Amino acid sequence: LCSAARGAAVMAATPQYGAGEIVFYRSLFGVAAMALVLRAQRLSPATPVPGLHLSRSLSGATALLLWTYCIGGVTLGTAMTLNYMSSLWIAAILLVLPVIGRRAARADPRLLAAVVLGFAGVALVLQPWAPGAATPSAAAAPGAAWAGLVSGLLAGIAYLQVGALGRSGEPQARIVFWFAACGAALGLATALAAGGLSRHDARGALLLLAIGGLATAGQWFMTTAWRDGHALVNAALHYLGIVFGLAFGALLFAERPGALALLGTALIVAAGLWATLLRERG
């Protein structure tokens, strides 16, 4: 719910702020909030596993930047769907890794079927044969759909690394703190490269505060879930974000996904849950 509400706020802020600026301010809010939490818990931001934090933070922050850019070029429901393909990307990686490593491994045909089913769903959502079907306007950001797809891949990698950080004993406040710090640095660098920071007005400032608060709360909940919870349960509940995103898109932005797009979304959710179940059993 936090993720979908944040997506709606990002979509509303996109005409005023660039993707780098939004990521910078959102992450700055997270750094300040987690610094207070660390202090209250009498914990230091120093970590015994800096390399794991760095790889998790870079993958997560890059995914966040790409997803923010994606929202500026596709409908909210489409952006949420593309970002939530992490389970399918992880399944695809598991199929490809033995080939890259030149190891003889028999691919699970069920896992392969889940991946194919999921990407068939993507085709129905994006409908490349009908240009503009998934975009809110003719001024859509170029490559937005591709950015959303790569964002889902990097988000899946980041979720796996959150689990590794949890198993290493890292507290969630420290995990979120370093993710936010990396996001702030990456967002600021992107914003400066794109021409600098924009001026604020009351509406813009309120939207940025909402984005920061919702994102930090969502990150806290997500970190807790993937650190301590069961992967299949997490995936099932995680996909509710798509439902919330479709609802916000319809209520706030008058988005009306067609029957094919809804069918594609259902295929992606079903395939993602199937792939997660197969990985857990394996």
Side-chain angles (χ1 to χ4, degrees), residues 1-30 60-87 122 125-126 134-137 139-141 143-156 158-159 176 179-180 183 187 190 203-204 206-223 225 235 237-257 261-262 264-265 268-269 272:
L1 177 60
C2 286
S3 180
R6 171 180 54 118
V10 168
M11 182 166 278
T14 296
Q16 185 172 352
Y17 300 103
E21 292 179 275
I22 293 174
V23 170
F24 169 64
Y25 289 115
R26 167 251 184 268
S27 301
L28 204 60
F29 187 103
T62 305
L64 173 62
L65 182 64
L66 290 173
W67 184 69
T68 304
Y69 176 77
C70 172
I71 286 183
V74 299
T75 64
L76 181 57
T78 301
M80 296 296 296
T81 302
L82 294 176
N83 185 246
Y84 278 57
M85 283 186 59
S86 51
S87 293
V122 172
V125 169
L126 297 181
T135 59
S137 70
W146 286 105
L149 284 169
V150 177
S151 170
L153 168 61
L154 293 176
Y159 292 147
V176 178
F179 166 71
T190 303
R203 177 183 178 277
L206 287 174
L207 283 172
L208 290 175
L209 282 174
I211 292 168
L214 289 166
T216 301
Q219 190 71 28
W220 179 273
F221 294 140
M222 184 279 293
T223 301
L237 297 177
H238 191 58
Y239 278 115
L240 281 175
I242 296 176
V243 178
F244 290 131
L246 289 170
F248 282 132
L251 292 172
L252 301 178
F253 305 106
E255 297 174 357
R256 297 291 184 269
L262 290 176
T265 299
I268 291 170
V269 172

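Note that the coordinates shown come from a computational prediction; the quantities given were computed from them, not determined experimentally.
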### Message
With rounding to the nearest 0.5 angstrom, report the CZ to CZ distance, Arg6 to Phe248.
### Response
12.5 Å
### Task
Please report the closest heavy-atom contact between Ala13 and Ile211, naming both atoms and the distance.
CB-CD1, 4.1 Å
### Query
Do the non-hydrogen side-chain atoms of Leu154 and Leu66 ever get within less than 4.5 Å of each other?
yes
#### Entry: Residue pair Tyr239 / Met80, side-chain heavy-atom distance below 4.5 Å
no
### Task
Please check if the side chain of Thr190 supplies one atom and the backbone of Gly20 the other of a donor-acceptor pair under 3.5 Å.
no
### Query
Looking at residues at least two apart in the chain, or sitting in another chain, which of them share a side-chain hydrogen bond (donor to acceptor under 3.5 Å, both in side chains) with Thr265?
none
#### Entry: Residues forming a side-chain contact (heavy atoms from CB on, under 4.5 Å) with Ala180, sequence neighbours excluded
Val31
### Message
If I compare all heavy atoms of Ala4 with all of Leu76, which pair ends up nearest, and what's the gap?
### Response
O-CD2, 4.4 Å
### Summary
Closest non-hydrogen atoms of Cys70 and Gly148, given as atom of the first, atom of the second and distance, are SG-CA, 3.7 Å
### Query
Between atom CG of Leu214 and atom CZ of Phe29, what is the distance when rounded to the nearest 0.5 Å?
9.0 Å
### Side-chain donor-acceptor pair present, Thr78, Thr75, cut-off under 3.5 Å
yes
### Query
What distance do Arg26 atom CZ and Leu64 atom CG have between them, rounded to the nearest 0.5 Å?
5.0 Å
### Task
Quick one: do Val150 and Trp146 satisfy side-chain contact (heavy atoms from CB on, under 4.5 Å)? Show the steps, please.
CA-CA 6 Å; Val150 177; Trp146 286 105; 5.5 Å; no
### Message
Is it the case that the side chain of Trp220 and the backbone of Val176 share a donor-acceptor pair, with hydrogens and angles ignored and the cut-off at 3.5 Å?
### Response
no
### Query
With sequence neighbours left out, what residues match Tyr69 under side-chain hydrogen bond (donor to acceptor under 3.5 Å, both in side chains)?
none
### Task
Calculate, to the nearest 0.5 Å, the distance between atoms CD1 and CD1 belonging to Ile268 and Ile242 respectively.
6.5 Å
### Task
Among Leu28, Thr62, Thr68, find the residue that satisfies the side-chain contact (heavy atoms from CB on, under 4.5 Å) test when tested with Val23.
Thr68
### Task
Might you point out which heavy atoms bring Ala8 and Leu252 nearest each other, and give the distance in Å?
CB-CD1, 3.9 Å
### Message
Using every non-hydrogen atom in the two residues, find where Leu82 and Ala145 come nearest and quote the distance to one decimal.
### Response
CD1-O, 3.6 Å
#### Entry: Non-hydrogen atoms of Ala155 and Ala63 that approach each other most closely
N-CB, 3.8 Å
### Query
Counting only N and O atoms by type, is there a donor-acceptor contact under 3.5 Å from the side chain of Glu21 to the main-chain atoms of Gly18?
yes
### Query
If you measure from OG on Ser151 to CD1 on Ile71, what distance do you get to the nearest 0.5 Å?
9.0 Å
### Query
Does Glu255 reach the main-chain N or O of Leu246 with its side chain, forming a donor-acceptor pair under 3.5 Å?
no
### Message
Return the CG to OH distance between Leu208 and Tyr25, rounded to the nearest 0.5 Å.
### Response
7.0 Å
